[in-house]
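Report on the structure given below.
This one's a predicted model, so the numbers in the text were calculated from it and none came from an experiment. Whatever order the structure lists ligands and atoms in, that order sets their numbers, starting from 1.
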Amino acid sequence: MNAPTKTPNASGWKPGTPVEGHNAVSGPDTVTGNRALMLEEPLIFEIAGNGSTGVDLPEPVGGTNRLGGMERSAPIGLPGLSEPETVRHYTRLSRQNYAIDLGLFPLGSCTMKHNPRLNEKVARMPGFADVHPLQPVDTVRGALEVVNELAHWLIELTGMHGVAMSPKAGAHGELCGILCIRAALEARGDAREVILVPESAHGTNPATAAFAGYRVEDIPATADGRVDLEALKARLGPDVAGVMITNPNTCGLFERDMKAISDAVHAAGGFVYCDGANFNAIVGKVRPGDLGVDAMHINLHKTFSTPHGGGGPGSGPVVLSEALSPYGPLPYTARTKDGVVHLIEEEGAEAFSQEHFGGSMDSFGRMTAFHGQMGMFTRALTYILSHGADGLRQVAEDAVLNANYILRSLEDVLHAPFGDSGPCMHEALFGDRGFAEGLSTLDLAKGLIDEGFHPMTMYFPLVVHGAMLVEPTETESRAALDQFIGALRSVAERAKAGDESLKTAPHYAPRRRLDETQAARKPVLAWDDPNLV
Ligand SMILES: *Cc1c(COP(=O)(O)O)cnc(C)c1O
């Protein structure tokens, strides 16, 4: 099949002319558009546009065409590249990515920590990597033991009763927890309609509650960035199904009133959902079960170092209190009467329970077809076992120490809205107060790209103007933190001094400032072959 002849570089780029939007760092233009090792790379369709093909298929011999005249008569326009050309294309593109393996990734509320290579080694062992969920149980005992062992650790670390392992991300876990709450309320014939969510909550919290059919109401924050306990108590009543509270919260602060909040919610007949995405700050130090939490998702891909942010699938097991455990989704893991954690309980055989202990069938159903993210379970358990109980506690301590180091090192140049509320937890929060007229958090973030760093989380939480949320994690060394602090300090000083060049930053990235509004509102997601249109 012959592909149509296309002009190379259909995007209009001509050798020797700087590509539109490409960085125009001072220095002579290159004829290729490349700048040393930073290679200009068109779309794969554009470079493969000369009718070439990556594979040679023999002309079909014999056989009768049974397509009844329905066969394709025009080429479908797939790019034709050889294997080395294809590999080079994607490798070049990959070099324009930022990754945790390249440098500090300060994205707040994301826990971008180093992913130990040991995790990868274990996850690639054939007994874990190549199992199929429909294999006979007898052939996957080791894999099931991994799930059970991880479940055991999650229950112990959180002081909870049971855990649903199958949810596949934090947000999926939130839905799982809220569906447990709904099932528990329905079981007692109690139709409640409202879920209370603090102003500073991650967007997934109100989205989850609304998706599960609840009306969402805000709980205000106090001036020191925490949930207003009195306002919460005043709102509680027979229509409130529960609250969703992130602890530590998205202002990087520990909710000190958590136990009082839980007691008040329980006294009013509701349930407490805790968003556990920030568990890294308290793992080994605080057990959410002791604070009265009924359900909490754990982002294995944050706290327990399984790759994320484009690097791997998430995994969001949900730990449950004794009150909610009977309603958890199948398959299911929980403490039995003797207090031991069991994955199953079928005549001594290890398999996933399709029924709850004691034969109760109150489960709200399933979250996934099978058991969850096996690869992430293996990585998370490897991480947990290689750290041990004391190592996990130190993770939390070091993560908090690193964040406070950043907070205190920068509060003289960047406004720290809750800097007076005491130490932060695992993330440092700054606002844009003091920036020169016309310069914003966005400009500072773009300036940070020129310094070789991925920007921090911006404009979240919403309660702080021009918010910048920085989460260094425990895996950064003092030297790495100092380098980042130096870079951020310099860009912050430029923002305060009114350095106009920040408005057009980044200047050294493969592309300069993009129109992000246009990109979000009118994304160009398809490539039209100029020779076919
Ligand atoms: C990351 C995060 C979530 C959502 O987790 P996903 O795995 O991305 O779905 C929810 N809440 C908070 C506070 C988070 O940081």
Side-chain angles (χ1 to χ4, degrees), residues 100 105-113 115 154 158 164-179 195 197-212 216 219 221 225-227 243-255 258 272-283 288 293 295-319 367-368 372-373 375-377 379-380 396 399 403 424-429 454 456-464 467-473:
I100 189 67
F105 213 125
L107 214 46
S109 211
C110 288
T111 315
M112 304 297 290
K113 62 167 78 177
N115 305 122
L154 298 181
T158 55
M165 297 297 287
S166 60
K168 298 204 174 186
H172 202 211
E174 288 175 31
L175 182 61
C176 171
I178 295 298
L179 291 179
I195 296 265
V197 179
E199 286 171 337
S200 60
H202 196 263
T204 49
N205 293 188
T208 294
F211 191 73
V216 179
I219 318 172
R226 295 182 170 88
V227 167
V243 295
M244 293 181 86
I245 293 184
T246 308
N247 198 15
N249 70 24
T250 55
C251 297
L253 303 172
F254 190 74
E255 294 286 356
M258 195 67 203
V272 178
Y273 187 90
C274 180
D275 180 328
N278 295 338
F279 194 49
N280 203 52
I282 56 172
V283 60
V293 168
M296 180 180 96
H297 73 264
I298 298 170
N299 303 61
L300 295 186
H301 49 288
K302 293 179 181 171
T303 309
F304 299 111
S305 87
T306 68
H308 61 136
S315 182
V318 179
V319 286
M367 292 299 289
T368 60
Q373 308 280 35
M376 298 303 132
F377 296 160
R379 287 174 177 85
C424 62
M425 295 303 288
H426 64 313
E427 42 200 6
L429 178 59
H454 190 288
M456 67 292 278
T457 290
M458 297 185 290
Y459 301 105
F460 175 78
L462 306 176
V463 290
V464 170
M468 287 162 266
L469 191 63
V470 180
E471 180 179 357
T473 83

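Between Glu255 and Asn247 the shortest heavy-atom distance is N-OD1, 2.8 Å. The heavy-atom pair separating Asn249 from Asn278 by the smallest distance is O-ND2, 3.6 Å. Looking at every heavy atom in both residues, Pro317 comes nearest to Phe377 through CG-CE2, 4.5 Å. Of all heavy-atom pairs spanning Met367 and Pro167, the tightest one is CG-CG, 4.3 Å.
The atoms of ligand 1 that sit less than 4.0 Å from any heavy atom of Lys302 are 1 (C), 2 (C), 3 (C), 5 (O), 14 (C), 15 (O). Taking every heavy atom of Ala169 and a limit of under 4.0 angstrom, the matching atoms of ligand 1 come to 7 (O), 9 (O). Near Ala277, meaning under 4.0 Å from one of its heavy atoms, ligand 1 places the atoms 2 (C), 11 (N), 12 (C), 13 (C), 14 (C), 15 (O). Ligand-side atoms of ligand 1 in range of Glu174: 10 (C), 11 (N), range being under 4.0 angstrom from any heavy atom.
Protein heavy atom at the shortest distance from atom 9 (O) of ligand 1 is Ala171 N, 2.8 Å. In this structure, atom 6 (P) of ligand 1 lies nearest to the protein heavy atom Gly170 N, 3.4 Å. Nearest protein neighbour of atom 11 (N) of ligand 1, counting heavy atoms only, is Asp275 OD2, 2.5 Å. When hydrogens are left out, the protein atom nearest atom 8 (O) of ligand 1 is His301 NE2, 4.4 Å; that is the closest non-hydrogen contact.
At a threshold of 4.5 Å between non-hydrogen side-chain atoms, the residues Val216 and Met244 do not count as touching. Side-chain contact between Phe304 and Met376 is absent, with no heavy-atom pair separated by less than 4.5 Å.
Polar contact check, Ser109 against ligand 1: a nitrogen or oxygen pair lies under 3.5 Å apart. Looking at ligand 1, you won't find any N or O of Thr246 less than 3.5 Å from one of its N or O atoms. Below 3.5 Å of separation, one finds no N or O of His297 facing any N or O of ligand 1. Remark: ligand 1 and Asn299 share an N or O pair separated by less than 3.5 Å (distance only, no angle test).
With no hydrogens or angles considered, a side-chain donor-acceptor pair links Thr111 and Glu471 at under 3.5 Å. Donor-acceptor pairing under 3.5 Å is recorded for the side chains of Glu174 and Thr208.
Taking a 4.0 Å cut-off on heavy atoms, His172 fails to register as neighbouring ligand 1.
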Met425/Ile282 under side chain to side chain contact (heavy atoms under 4.5 Å, CB included): CA gap, chis, key distance, verdict: CA-CA 8 Å; Met425 295 303 288; Ile282 56 172; 3.6 Å; yes
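Using a 4.0 Å cut-off between heavy atoms, His308 makes no contact with ligand 1 at all.
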